[in-house]
Each structure stands twice: as structure tokens, then as C-alpha cells.
Chemist: 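There's a structure below that I have some questions on.
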Amino acid sequence: MSVDTQTLDEAAVSAYLAENLPGFEGPMEVTKFQTGQSNPTFLLKTPAKNYVLRRKPPGTLLKSAHAVDREFRVQKALAGTDVPVAKMHLLCEDDDVIGSMFYIMDHVPGRNFNEPQMPDVSPADRGAIIDEMGRVLAALHEVDIDAVGLSDYGPPGNYFERQVGRWTKQYKASETQDIPAMNELMGRLVQERPADDGQRTLVHGDYRLDNMIFDAETTDCRAVLDWELSTIGHPFADLAAVIMQWQLPAGTEGRGMGGLDRAALGLPTDESFIAKYCERRGLPGIENFGYYLGFCFFRMAGIVQGVLKRGLDGNASNPERAMKLGAFVPVFAQHGLDALNRG
């Protein structure tokens, strides 16, 4: 049975907020954001201010997926740090209100870029925006997880060991066809895993340009969004995720830098971005970066496979896009193998 994720019980939400959110006053106008595949997200406009509601999708879900309660917790913990986040207001864990858990946060106005090419931005500002992206990433990995109350936000042990295990299970649970490249990639990520270097930081899990809001006038980041995959883990996974995205084709589908003249556009090379990140964190460099890049392609393939499965089952937030994304699973798997082979 298809589940409607496009609409919201506005009367129920309004009544709940009137009772639980200080300063809330209707009338409320609701618009669904069409971007994002995992957790349906809505803009709530009121005369005084605007909010965002982010909910778990209804229906049968994979275990540990769509963790809006974790999103709420981590963003609330980051308030006041060097990592810009929206202000969190409340978390509703009562499924009876609208049919699934949800949270309310401030709407952060500003600019959102769907692709690093940023057609309407000058070369100088493009470079400054990507540099700001790197600054925020390094700041995220320098957050004192004990001081902000997140030391228990992820389990101990080797991050890549548990992530490869987790995403392999989730991929298998959502598998719709046999993909030899994906099978090989999963095996090699187990066999070729680097020794644990002891780094244990907060990681975003889906750190991309399009998950950031920038100031309308400057190149400053105002908020990092979409924290569903965040945990305590290894920072190189986030860094490699950025480079992974850039290796994809340019344009609104791939949202990468493949085929672009980066120098002419004011965009950095992969190597210069990584070097600046290491400089900001006081690191000498990164050995075997190909493993971390291969891991990111593997995880993206797993995520997209889950989106495809929800599309086939009728539970996707954007069903048409879910089917298009599904075609990329074998492509991501092959990219992952190529990264491992390059080392």
C-alpha cells in the first residue's frame, strides 16, 4: 500500500505546537520541501516566524533508519560551537500526533547550492564558499564530544568495521538485483581495512554542499542540515564523502565536478582541499585515502539502494526520483572499486 508522505495533518501539528512550542501562533501555512529522499520535511510559515518540521516517514522502516530523534539531539548539542546549525525547538516522540516522530527547528534563510558549479556565483565567491565548507568540516571534527554531551552518540570500536557491517546488512535487506561489483566491493572493504589510528570524532555522515545553508549576502555558512547519518566515528569518512561527490558528473543529477575546469571556475583540486583540511586539523597528511573514498562510494550505493526499495514499495518521499537514483547503484559500486585500486 502506498503511504502519503506529501501531506501533513496541519490541524494536528498546529494544535500540538500551540500547546508545546512557546511563542507559536497561527495561522500556519505548510509547504513540503521536494529535495531530500529520507525524512519528509516541511516549511511551516506563521505570521511571527518560520519553522521547519522534519518527520520519520510512515510505514515499515529499516531498523535504525530515519532517526529524527538523533538528528534533533546532535543539532541541539552543537548549538554554540563553531559548527553552524539551526536552533532546535522540540522533539515529538508520540506517533499518535501525526503518525510518526517529528521535530521542529528554526527555518534558516539563506542560499542553498545544489551543485559545486554554482552558476550564479563569481569564481572568487565559489572558492570562498568551498573553503568555508572545508572550515566547517574541520571544525566539526574538532568538536569536543565529551564537552557537548555526545561521547555516547556512537559505539566504541573501529568505525569502518561497524559501518561496513551495518551498510552491508542494510544493502542486503534492500537488495533488488545481484550486482557483482557491489559484492566485490563489500568483500574488499573488509579485507583491506586500515588499522585504527585512534581518531574518534563526531561525523556528519552525509556532508555535502547541498546539505548546507549559506548567508544570502556573504560566503559564511549559516547551518549544516540533514544529520540523520551522524554518529561518533572516523573523520576521514566525511572528508572522503566530499571528494566522492566531486568525482561525480557535473550538473543537477551527479552534482559533482567531473569534467569541469576547476581553476577557471575558482574551485579547488581534491588535493588542495584535503591539504587545507589537514592543515586546519594539524594533520601531516592521509595515507591510503583510496580506502576511505571506496568506502564512501559503497555507503552511497547502500543508501541509494534503500531509496530505490522504498520507491518500489511505495514509501519514498519522492517516488519518481527514487527510481532514477536506483540506476546509480552499480555505478557507485564500480567507482568504489576504482578508488580501492588507485589506493
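Since this is a predicted model, take the numbers as computed values, not measurements.
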Chemist: Who passes side-chain hydrogen bond (donor to acceptor under 3.5 Å, both in side chains) against Arg299, sequence neighbours left out?
Modeler: Tyr159
Chemist: For Glu71 and Tyr103, does a side-chain donor sit closer than 3.5 Å to a side-chain acceptor?
Modeler: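 Indeed, the side chains of Glu71 and Tyr103 share at least one donor-acceptor pair under 3.5 Å.
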Chemist: Membership question, hydrophobic clusters at under 4.5 Å side-chain separation (ILVMFWY): are Phe328 and Met323 in the same one?
Modeler: no
Chemist: Quick check against the 3.5 Å criterion: does His204 have a side-chain atom that pairs as donor or acceptor with the backbone of Leu225?
Modeler: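 The answer is yes, because a donor-acceptor pair under 3.5 Å joins these two groups.
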Chemist: Does Thr81 use its side chain to pair, donor to acceptor, with the backbone of Val83 at less than 3.5 Å?
Modeler: yes
Chemist: Verify, without hydrogens or angle tests, whether Thr218 (side chain) and Ala216 (backbone) share a donor-acceptor contact under 3.5 angstrom.
Modeler: no
Chemist: Give a yes or no on whether a salt bridge exists between Arg255 and Asp210, defined as a side-chain N under 4.0 angstrom from a carboxylate O.
Modeler: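 Counted as a salt bridge, because a side-chain N and a carboxylate O are separated by less than 4.0 Å.
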Chemist: Apply salt bridge (charged side-chain N to carboxylate O under 4.0 Å, His left out) to Lys172 and list each qualifying residue two or more places apart in sequence or on a separate chain.
Modeler: Glu175
Chemist: Asp270: what forms a salt bridge (charged side-chain N to carboxylate O under 4.0 Å, His left out) with it, not counting sequence neighbours?
Modeler: Arg262
Chemist: Taking only residues two or more places apart in sequence, or in another chain, which ones meet Asp120 in a side-chain hydrogen bond (donor to acceptor under 3.5 Å, both in side chains)?
Modeler: none
Chemist: Are more than 12 heavy atoms from other residues, nucleotides or ligands located less than 6.0 Å from atom NZ of Lys324?
Modeler: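 Count not over threshold, so no.
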Chemist: Please list, chain by chain and in numerical order, all residues satisfying salt bridge (charged side-chain N to carboxylate O under 4.0 Å, His left out) with Lys45, sequence neighbours excluded.
Modeler: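 Not a single residue meets the salt bridge (charged side-chain N to carboxylate O under 4.0 Å, His left out) criterion with Lys45.
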Chemist: Taking side chain to side chain contact (heavy atoms under 4.5 Å, CB included) as the test, write out the residues that go with Pro123, two or more places apart.
Modeler: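 Once residues adjacent in sequence are excluded, the partners of Pro123 under the side chain to side chain contact (heavy atoms under 4.5 Å, CB included) criterion are Arg126.
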Chemist: What residues form a side chain to side chain contact (heavy atoms under 4.5 Å, CB included) with Thr176, not counting sequence neighbours?
Modeler: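 Residues passing side chain to side chain contact (heavy atoms under 4.5 Å, CB included) with Thr176: Gln305, Leu308, Lys309, Leu312.
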Chemist: Which heavy atom in Phe72 sits nearest to a heavy atom in Ile104, and how many Å separate them?
Modeler: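 It is CE1-O, 4.4 Å.
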Chemist: So, do Phe273 and Trp246 have ring centers that fall under 6.0 Å from each other?
Modeler: yes
Chemist: Answer yes when Arg54 and Asp226 have at least one side-chain N-carboxylate O distance shorter than 4.0 Å, and no when they do not.
Modeler: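 Yes, this pair counts.
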Chemist: Quick one: sort the His234 and Tyr292 rings into parallel, tilted or perpendicular, breaks at 30° and 60°.
Modeler: parallel
Chemist: Treating Gln245 as the side-chain partner and Gly254 as the backbone partner, does any N or O pair qualify as donor plus acceptor under 3.5 Å?
Modeler: yes
Chemist: Does Arg70 form a salt bridge (charged side-chain N to carboxylate O under 4.0 Å, His left out) with Glu228? I'd like the steps, not just the answer.
Modeler: CA-CA 7 Å; Arg70 285 176 61 82; Glu228 183 196 344; over 6 Å; no
Chemist: So does Asn288 have more than 12 non-hydrogen atoms from other groups sitting under 6.0 Å from CG?
Modeler: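 Yes.
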Chemist: Spell out, as yes or no, whether a donor-acceptor pair under 3.5 Å connects the side chain of Asn50 to the backbone of Leu43.
Modeler: no
Chemist: I'd like to know if Asp206 and Arg208 make a salt bridge, using a cut-off of under 4.0 Å between side-chain N and carboxylate O.
Modeler: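 Arg208 and Asp206: salt-bridged.
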Chemist: Which heavy atom of Val136 sits nearest to which heavy atom of Cys221, and what is that distance?
Modeler: CG2-CB, 4.0 Å
Chemist: Mind checking side-chain hydrogen bond (donor to acceptor under 3.5 Å, both in side chains) for Asp144 and listing every partner two or more places apart, or none if nothing turns up?
Modeler: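 Here no residue qualifies.
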Chemist: Between Phe33 and His107, what is the ring plane arrangement, given parallel below 30°, perpendicular above 60°, and tilted in between?
Modeler: parallel
Chemist: For Glu279, check side chain to side chain contact (heavy atoms under 4.5 Å, CB included) against everything at least two apart and list the hits.
Modeler: Lys276
Chemist: Does the side chain to side chain contact (heavy atoms under 4.5 Å, CB included) test come out yes or no for Met182 and Phe298, once each step is laid out?
Modeler: CA-CA 7 Å; Met182 190 64 173; Phe298 153 74; 3.6 Å; yes
Chemist: Would you list the atom pairs, donor with acceptor, under 3.5 Å between side chains in residues 10-28 and any protein atom, with sequence neighbours excluded?
Modeler:
unit_1, atom_1, unit_2, atom_2, d
Asn20, ND2, Tyr16, O, 2.8

Chemist: Restricting to side chain to side chain contact (heavy atoms under 4.5 Å, CB included), what partner residues turn up for Asp96, sequence neighbours left out?
Modeler: Asp94
Chemist: With sequence neighbours left out, write down each residue that passes salt bridge (charged side-chain N to carboxylate O under 4.0 Å, His left out) with Glu115, or none if nothing qualifies.
Modeler: none
Chemist: Which atoms form the tightest heavy-atom contact between Gln75 and Val85, and what is the distance?
Modeler: O-CG2, 3.4 Å
Chemist: Is Asp220 paired with Arg135 through a side-chain N to carboxylate O contact shorter than 4.0 Å?
Modeler: no
Chemist: May I ask you to say whether Arg188 pairs ionically with Asp338, meaning some side-chain N is under 4.0 Å from a carboxylate O?
Modeler: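 So Arg188 does not pair with Asp338 through a salt bridge.
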